[in-house]
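Step one of this worksheet: look at the structure below.
Just so it is clear, the model here is predicted, and its values are computed rather than measured. In what follows, chains are A, B, ... by sequence order, proteins preceding strands, each numbered from 1.
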Number of protein chains: 2
Amino acid sequence: MRKNYHIYAAYMKALSDETRINIFDMLAQGELCACKILEEFNITQPTLSYHMKILCDSGLVSGRKDGVWMKYSINRDNLEIVKELFEGIGVSLQTQNNCTAKCSAKC
Amino acid sequence: MRKNYHIYAAYMKALSDETRINIFDMLAQGELCACKILEEFNITQPTLSYHMKILCDSGLVSGRKDGVWMKYSINRDNLEIVKELFEGIGVSLQTQNNCTAKCSAKC
DNA sequence: CATATACATAGATATGTGTCAATGTCTATT
DNA sequence: AATAGACATTGACACATATCTATGTATATG
């Protein structure tokens, strides 16, 4: 089963903006409405809307309409996929720790 | 101690390209020289050089010169920082699991 | 020293990104 | 029905990004 680097890259791209990864981390504390998020940044409302759309389109964040408000939260399943990618890389690095010398391919 | 979202965003940006995150994952298996990496992709050598520079500048990858070859490997310390970011977010989500209803702030 | 190999740099270009002001849409309240 | 508030969409624009071809630089080898 080959890895889908396209979707991994899409997740990373969604978080590659300082404002967006900050928002993502805020959402770790729980669901938030757009207006609450907006208070924390020096950006206009359309710019926030733009960023939230990117986060939602990536699948890392979910939005639901609650009356007048849009409430955003982290999509746990997709966060898990990202977590597992980096954990897997970490494990691979540990595993090849003690055979690097003898295993390193000649160029 | 506030989180440095600027550096997190920089890590994500380095991995936000499909080719680059693929390379990063290849390096999980061990150190590789540029020519070996190049064989795996349909890109020109200057394009690979461009991507490797971005990965190295971010701090996620280290390069060392070995004769004619450039050998690249993952910088474990900075991988750890990325891992911990996502693990921390996962833990926060679990923690607020059973109090979401009562804790969710009114908008 | 001349040559080949591995990689980097420069310049050009098409496309993508982040931001804003202006405007539109939907929902609740008076 | 009119109004106000919350959010989305559009259009414009400056800037960044990914890619290529052409060229430069360093290192090993005959």
Could you check how far [atom1] of [X] sits from [atom2] of [N], rounded to whole Å?
X        : N       : atom1 : atom2 : result
Met70(A) : dG5(D)  : CE    : C1'   : 16 Å
Asp57(B) : dA8(C)  : CG    : C1'   : 13 Å
Met52(B) : dA8(C)  : CE    : P     : 8 Å
Asp17(A) : dG16(C) : CG    : P     : 18 Å
Ile43(A) : dC7(D)  : CD1   : C1'   : 13 Å
Asp66(B) : dT5(C)  : CG    : P     : 19 Å
Ile23(B) : dC7(C)  : CD1   : P     : 12 Å
Leu38(B) : dT5(C)  : CG    : P     : 15 Å

Subject >> Closest-nucleotide 5' rank along DNA chain D - winner of Ile54(B) and Ser49(A) >> reply: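 Its nucleotide being nearer the 5' end, the pick is Ser49(A).
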Original post:
On DNA chain D, nearest-nucleotide positions of Pro46(B) versus Tyr50(B): which is more 5'?
Top reply: Tyr50(B)
Original post:
If you look at every heavy atom in Cys56(B) and Tyr72(B), which pair is closest and at what distance?
Top reply: SG-CE2, 3.6 Å
Which nucleotide wins on minimum distance to the side chain of [X], given the candidates [options]?
X        : options                   : value
Cys33(A) : dA26(D), dC7(D), dA6(C)   : dC7(D)
Tyr72(A) : dA6(D), dA8(D), dA6(C)    : dA8(D)
Arg20(A) : dT9(C), dC20(D), dG18(C)  : dG18(C)
Val68(B) : dT27(D), dA28(C), dA18(D) : dT27(D)

Original post:
Just by modelled atom types, is the Lys13(B) backbone N or O under 3.5 Å from a matching donor or acceptor in the Arg20(B) side chain?
Top reply: yes
Original post:
Under 3.5 Å, is there a donor-acceptor pair between the side chain of Asn78(A) and the main chain of Gly59(A)?
Top reply: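 Yes; at least one donor-acceptor contact below 3.5 Å.
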**OP:** Identify, between Thr44(A) and Gly67(A), the residue whose nearest nucleotide on DNA chain C lies closer to the 5' end.
**Re:** Thr44(A)
Original post:
Which residue lies toward the 5' end of DNA chain C, Thr47(B) or Asn42(A), if each is placed at its nearest nucleotide?
Top reply: Thr47(B)
**OP:** Scan Ile81(A), Val82(A), Ile89(A) and name whichever one has a side-chain contact (heavy atoms from CB on, under 4.5 Å) with Leu85(A).
**Re:** Ile89(A)
Original post:
Any donor-acceptor pair under 3.5 Å between the side chain of Gln45(B) and the base of dA8(C)?
Top reply: yes
Original post:
Counting just side-chain N and O atoms, does His51(A) come under 4.0 Å of either OP1 or OP2 of dT17(C)?
Top reply: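 No, His51(A) has no side-chain N/O under 4.0 Å of OP1/OP2 on dT17(C).
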Original post:
Does the side chain of Lys53(A) get closer than 4.0 angstrom to OP1 or OP2 of dT9(D) through an N or O atom?
Top reply: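 So the side chain of Lys53(A) is outside the cut-off, no N or O lying under 4.0 Å from OP1 or OP2 of dT9(D).
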Original post:
Considering residues, nucleotides and ligands other than Lys53(B), do more than 12 of their heavy atoms fall under 6.0 Å from its NZ?
Top reply: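 Atom NZ in Lys53(B) is not packed in, count stays at 12 or less.
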